[in-house]
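Excluded from the calculations below are hydrogen atoms, water molecules and symmetry mates; all remaining heavy atoms, backbone and side chain alike, are included.
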Amino acid sequence: MTAQWHKTNYRVPYKDTDRMGVVHHGNYINWFEIARTEFMRHYGIAYKEIESKGFSLPVANVDCRYKSSATFDDCIVLFTKIADYSPLKLKFVYEARKVSEEAESDHLDKIVSRPSGELIASGSTEHTWVNENFKPIRLNRSAPDIYEIIRECGEQE
């Protein structure tokens, strides 16, 4: 099964830009977090729920490749999918793409087979499931219901 992409629309606020008028490179990591949070919420596994069960999903590694610039008020779509998973780890991939006003206003399709728009950045985050003491856990044992959702919407390398 090939994982589908989840779409999160975002309009660049002035605060995300630097003195040169372009989005500061560090903001793309924040955008990935926004997209990941919305992805999880869409599939019914909000971070708040995960934490209420006594575990969390800290970032162990992050990667971002910049292709083009975004500026204030650009319409951006953040595409997210699970690229790999196991009972211990989870990997997301992202594409930030600049789109037209018309494409940005399309809030109906949250799941797509292919990203669209001008690629401005892509990247990934790797996470490890941990308990309240930051000790690794096996999600399939600790929360089999959540692990099943991840298994259904993700793909494995």
Side-chain angles (χ1 to χ4, degrees), residues 1-13 16 23-68 70 74-99 103-104 106-132 134-157:
M1 175 182 137
T2 300
Q4 299 287 301
W5 292 89
H6 178 268
K7 288 172 43 177
T8 303
N9 291 2
Y10 189 78
R11 185 171 298 257
V12 177
D16 283 3
V23 172
H24 184 269
H25 66 275
N27 284 306
Y28 290 90
I29 305 304
N30 291 329
W31 293 3
F32 292 171
E33 181 178 1
I34 290 166
R36 180 174 64 251
T37 300
E38 292 307 313
F39 176 99
M40 299 286 276
R41 184 186 329 279
H42 175 84
Y43 285 103
I45 45 178
Y47 274 98
K48 189 174 185 177
E49 176 189 344
I50 290 169
E51 291 170 352
S52 74
K53 292 181 182 237
F55 50 92
S56 58
L57 190 60
V59 175
N61 189 42
V62 66
D63 174 57
C64 187
R65 291 167 302 287
Y66 306 98
K67 307 289 184 188
S68 180
D74 281 346
C75 298
I76 306 296
V77 175
L78 307 167
F79 293 91
T80 311
K81 72 177 179 177
I82 294 173
D84 195 21
Y85 66 92
S86 75
L88 298 169
K89 297 181 181 193
L90 187 56
K91 179 180 180 181
F92 290 92
V93 291
Y94 311 90
E95 289 190 5
R97 291 179 172 263
K98 195 181 307 185
V99 298
E104 192 274 339
D106 174 21
H107 295 280
L108 298 177
D109 272 339
K110 284 290 193 186
I111 304 299
V112 297
S113 59
R114 267 192 321 265
S116 58
E118 176 193 350
L119 181 64
I120 58 173
S122 61
S124 64
T125 54
E126 297 175 16
H127 307 260
T128 302
W129 294 103
V130 298
N131 65 17
E132 293 164 327
F134 284 89
K135 301 293 182 200
I137 62 165
R138 296 186 65 82
L139 188 66
N140 59 336
R141 294 182 189 152
S142 300
D145 54 329
I146 293 175
Y147 186 71
E148 182 60 24
I149 293 169
I150 289 168
R151 194 183 68 71
E152 288 176 5
C153 65
E155 62 185 31
Q156 290 183 300
E157 292 181 338

Compare every heavy atom of [Y] with every heavy atom of [X], then report the nearest pair and how far apart it is.
X	Y	answer
Val12	Asp16	CG1-CB, 4.1 Å
Arg97	Pro115	NE-CB, 3.3 Å
Leu119	Ser68	O-CB, 4.0 Å

**Request:** Identify which one of Thr8, Thr80, Thr125 satisfies the side chain to side chain donor-acceptor pair (under 3.5 Å) criterion when paired with Tyr94.
**Result:** Thr125
**Request:** Name all residues meeting the ring-ring contact (aromatic ring centres under 6.0 Å, His included) criterion together with Trp31; count only those two or more places apart in sequence or in a different chain, and write none if there are none.
**Result:** Tyr10, Tyr28
**Message:** Once ring-ring contact (aromatic ring centres under 6.0 Å, His included) is applied, do any residues pair with His42, and if so which ones, sequence neighbours excluded?
**Reply:**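 ring-ring contact (aromatic ring centres under 6.0 Å, His included) list for His42, sorted by chain: His6.
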**Request:** Go through the structure and list residues passing side chain to side chain contact (heavy atoms under 4.5 Å, CB included) with Pro87, not counting sequence neighbours.
**Result:**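 Expected list: Arg138, Asn140, Tyr147.
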**Request:** Under the side chain to side chain contact (heavy atoms under 4.5 Å, CB included) rule, collect the residues that match up with Ser142, sequence neighbours excluded.
**Result:**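 Once residues adjacent in sequence are excluded, the partners of Ser142 under the side chain to side chain contact (heavy atoms under 4.5 Å, CB included) criterion are Ile137.
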Side-chain polar contacts of residues 43-54 - donor-acceptor pairs under 3.5 angstrom, sequence neighbours left out - could you list them?
unit_1, atom_1, unit_2, atom_2, d
Tyr47, OH, Arg36, NE, 3.1
Ser52, OG, Glu49, O, 2.7
Lys53, NZ, Asp145, OD2, 3.3

**Request:** Could you grab the distance from atom NZ of Lys7 to atom NZ of Lys81, nearest 0.5 Å is fine?
**Result:**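 So the NZ of Lys7 and the NZ of Lys81 are separated by 15.5 Å.
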**Message:** Closer than 3.5 angstrom, by distance alone: can the side chain of Ser86 be matched with the main-chain N or O of Leu88 as a donor-acceptor pair?
**Reply:** yes
**Request:** Taking the side chain as every heavy atom from C-beta outward, state whether Cys153 and Ile82 have any atom pair closer than 4.5 Å.
**Result:** yes
**Item:** Contact check, side chains of Trp129 and Leu57, non-hydrogen atoms, under 4.5 Å
**Value:** yes
**Fill in**
For residues 111-129, the salt bridge (charged side-chain N to carboxylate O under 4.0 Å, His left out) pairs (sequence neighbours left out) are none
